[in-house]
There are 2 protein chains.
Amino acid sequence: MPSAEQTPAPRSLAERLDHLFQVIHPADRGPFSYHEVAQAIREQAGTDGPTVSHGTLQQIRTGAKTNPTIKTLEAIAAFFGVPAAYFLDDTVADRVDARLRELKAAATQSGRPVRLPADPRQDELADVLADSNIRAVAFRLAGLSPRALKGLRAIVDQVRAVEGLPEVGRAKKAS
Amino acid sequence: MPSAEQTPAPRSLAERLDHLFQVIHPADRGPFSYHEVAQAIREQAGTDGPTVSHGTLQQIRTGAKTNPTIKTLEAIAAFFGVPAAYFLDDTVADRVDARLRELKAAATQSGRPVRLPADPRQDELADVLADSNIRAVAFRLAGLSPRALKGLRAIVDQVRAVEGLPEVGRAKKAS
DNA sequence: GTCCAGTATCCACTGAAGTAGACGCAGAAA
DNA sequence: TTTCTGCGTCTACTTCAGTGGATACTGGAC
């Protein structure tokens with residue numbers, strides 16, 4: 001039952017970031033570019049939050065820099081919607097990767113949401129934010145009591161109805 | 001599941017390191033000194049591992065430096081026997097602190113120094129196994145609008161607060 | 001073919017993290 | 001008392017993480 005992941009090799013920081021780039025991206029296109037991520041982090045952070053340059057992203061991903069500061073790490077993690085501990089802790093990394101697979105499967109099942117036909121580039125941005133927000137919610141579920149989760153499930157079902165989304169059959173259980 | 005801890009959870013990096021200094025030390029004496037920790041890390045690491053100077057320890061603990069590199073963090077965490085994610089992730093920090101309290105209570109009776117030889121992350125396996133309810137919610141998130149997801153995130157955060165769970169996400173609140 | 005927009009990579013520069021020595025201040029021993 | 005030892009703090013210096021512009025490459029539009 002614990003779909004035992006057998007990626008035994010303790011992956012390096014570069015490999016972990018590369019993995020995020022490969023796995024997390026809009027469904028209808030390829031991975032993010034360094035400039036994209038850097039700019040998104042810059043906008044999302046505003047004035048208070050930490051930012052990361054495209055150069056730093058490239059250097060960390062390619063292994064040229066192996067010892068970033070925690071603020072850099074947190075900024076990157078926040079963009080991809082994963083806890084910063086993902087880069088430091090094998091256990092956290094495995095759990096996150098497992099959940100990422102679940103979310104990816106769920107997203108492909110429900111199909112792409114239809115969005116306003118505005119600027120196609122903004123459409124992609126909205127897609128990205130959606131994925132990121134899903135992860136933000138999903139990670140917050142850990143530790144909640146079954147009772148609370150049941151209540152939340154009902155709430156989400158109601159929200160789905162409001163937004164005109166189909167019901168989720170409980171038979172869906174992509175292993 | 002962790003009983004709702006009421007202790008004032010250390011939040012900032014400085015507070016967390018200070019907490020480790022206060023909690024983890026030989027039973028028959030006071031806390032470690034910076035020089036002690038620095039030298040112990042130096043010896044324990046040998047030639048390959050990362051080291052930390054006494055100045056760095058003091059600066060981080062007092063808040064003079066708030067953005068260390070991950071190798072510095074890992075070296076400190078290794079000495080105190082806690083996962084490096086302790087400094088970044090509230091959930092990990094709470095779990096470790098709970099375990100530390102247990103060990104301290106047991107150690108003060110037996111007169112042994114407080115250490116963390118065991119892996120404090122084994123508890124997370126239970127969380128993973130209890131994920132069926134989480135999956136049920138997560139599946140329903142796919143396709144929802146960013147606006148709805150943001151609202152749900154707030155709801156989940158409130159539920160977490162009600163159940164005494166720590167906040168999720170970037171723990172940093174750079175003053 | 002020529003542009004052009006977007007990409008990854010490289011690299012000189014800036015600034016902050018890390019270092020290690022100096023300093024002052026305790027408390028204990030002589 | 002003085003001396004010594006060990007402590008935390010401070011700080012000049014070194015090192016390297018982070019930045020951002022330059023560069024070259026690619027694929028598509030014309």
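All of these numbers come straight from a predicted model, not from anything done at the bench. Proteins come first, then strands; the chains are lettered A, B, ... in the order of their sequence lines, and each starts at number 1.
The side-chain contact (heavy atoms from CB on, under 4.5 Å) test applied to B:Pro50 returns B:Lys71, B:Ala75, not counting sequence neighbours. With sequence neighbours left out, the side chain to side chain donor-acceptor pair (under 3.5 Å) criterion links B:Ser53 to B:Thr56. The side-chain contact (heavy atoms from CB on, under 4.5 Å) check on A:Ala64 picks up A:Gln59, A:Thr62, with sequence neighbours excluded. With sequence neighbours excluded, no residue satisfies side chain to side chain donor-acceptor pair (under 3.5 Å) with B:Thr51. Under the ring-ring contact (aromatic ring centres under 6.0 Å, His included) criterion, B:Tyr34 pairs with B:Phe21, not counting sequence neighbours. By the side chain to side chain donor-acceptor pair (under 3.5 Å) test, A:His19 is found to be paired with A:Tyr86, A:Asp97, residues two or more places apart in sequence or in another chain being considered.
Side-chain N/O atoms of B:Thr69 include none lying less than 4.0 angstrom from OP1 or OP2 on C:dA17.
Under the salt bridge (Lys or Arg N to Asp or Glu O under 4.0 Å) criterion, no residue pair touches residues 73-87 of chain B, with sequence neighbours excluded. Legend: ring pair (Phe, Tyr, Trp, His ring centres under 6.0 Å) pairs involving residues 52-77 of chain B, not counting sequence neighbours, sorted by first then second residue: B:His35-B:His54.
Between the two ends of the helix from C:dG1-D:dC30 to C:dA30-D:dT1, each summarised by a five-pair axis, the helix axis turns through 0° (rounded to 10 degrees).
You can see that DNA chain D meets the heavy atoms of chain A within a 4.0 Å-exclusive cut from D:dA17 to D:dG21, reading 5' to 3'.
Non-hydrogen atoms lying under 4.0 Å from DNA chain C are contributed by B:Thr51, B:Val52, B:Ser53, B:His54, B:Gly55, B:Thr56, B:Gln59, all within residues 51-61 of chain B.
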